[in-house]
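Here it is: the structure, laid out below.
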Amino acid sequence: MNCIFCQIAKKELPATIIYEDESFVAFKDINPIAPIHYLIIPKKHITSINHLELQDKELMGELFLAAKKIAKTQGIADNGYRLVFNVGKDSGQMVDHLHLHLLGGKKLLWS
Ligand code: AMP
Ligand code: ZN
């Protein structure tokens with residue numbers, strides 16, 4: 001499968017990795033829209049939220065705990081941040097490997 005986020009998770013493609021554990025990798029978005037813009041991905045390939053299965057429920061809970069930990073260690077937990085999943089074409093999802101956007105470092109407006 002030719003998935004760029006699987007390749008990043010396997011270190012076959014370069015990325016600025018800021019967090020890694022057994023199940024997840026987080027790295028800087030190549031085209032940031034906020035001073036802090038990270039993508040947190042499961043190492044397991046899941047195409048999108050639409051492709052989640054019951055067996056993924058623990059993994060998804062752990063994904064939010066990883067996001068909380070990363071926000072804390074990156075110093076934005078107190079000021080706040082935004083977590084976003086894009087799902088499918090109307091959302092503009094460009095990479096078909098489930099990823100959680102972690103955005104912060106400024107006051108974020110909806111646009
Ligand atoms: P989405 O629109 O939710 O699919 O977001 C995909 C995100 O991945 C975009 O914000 C891109 O800037 C980012 N992106 C695409 N390729 C790379 C890459 N090789 N390294 C880091 N971020 C990437
Ligand atoms: Zn993948």
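For reference, positions follow the sequence shown, starting with 1.
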Separation between OG1 of T16 and NZ of K28, rounded to the nearest 0.5 Å: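 Reported to 0.5 Å precision, the distance equals 6.0 Å.
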Sequence-distant partners of K11, salt bridge (Lys or Arg N to Asp or Glu O under 4.0 Å), two or more places apart: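 Salt bridge (Lys or Arg N to Asp or Glu O under 4.0 Å) check on K11 returns E20.
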Inter-residue atom distance D96.CG - C6.SG, 0.5 Å rounding: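 The distance works out to 11.0 Å.
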Euclidean distance, C3 SG relative to E12 CD, rounded to 0.5 Å: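 Rounded to the nearest 0.5 Å, the CD-SG separation comes to 10.5 Å.
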Atom pair CG (L108) and CD1 (I33), whose distance is rounded to the nearest 0.5 Å: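 So the gap between those two atoms works out to 8.0 Å.
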Flag if over 12 foreign heavy atoms under 6.0 Å of NZ, K68: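 Counting neighbours around NZ of K68, 12 or fewer heavy atoms of other residues, nucleotides or ligands fall under 6.0 Å, so no.
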Heavy atoms of other groups near Q55 CD, more than 12 under 6.0 Å: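 More than 12 heavy atoms, drawn from other residues, nucleotides or ligands, come within 6.0 Å of this atom.
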Nearest-0.5 Å distance that lies between atom CD in Q93 and atom CG in N50: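 With rounding to 0.5 Å, CD (Q93) is 8.5 Å from CG (N50).
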Q7 side-chain N/O to A9 backbone N/O, donor-acceptor pair under 3.5 Å: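 Checked: no pair found.
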Nearest heavy atoms of P35 and G105, plus distance in Å: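 Looking at all heavy atoms of both residues, the shortest contact is CG-O, 3.5 Å.
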Side-chain (K43) to main-chain (D21) donor-acceptor, under 3.5 angstrom: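 At least one qualifying donor-acceptor pair exists.
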Joint hydrophobic cluster, L39 plus V84, side-chain heavy atoms closer than 4.5 Å: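 No.
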Whichever hydrophobic residues join L100 through chains of side-chain contacts under 4.5 Å: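 L100 clusters with I18, Y19, F24, I36, Y38, I40, I46, I49, L52, L59, M60, L63, F64, I70, I76, Y81, L83, F85, V87, L98, L102.
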Minimum-distance pair of heavy atoms, taken over all atoms of G104 and A34: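 Smallest heavy-atom distance, with atoms named: O-CB, 3.6 Å.
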Heavy-atom pair of closest approach, residues K72 and A77: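 It is CA-CB, 3.8 Å.
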Sub-4.5 Å side-chain heavy-atom contact between H101 and N86: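 In contact.
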Centroid separation H99 to H97 less than 6.0 Å: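 No; H97 has its ring centre 6.0 Å or more from that of H99.
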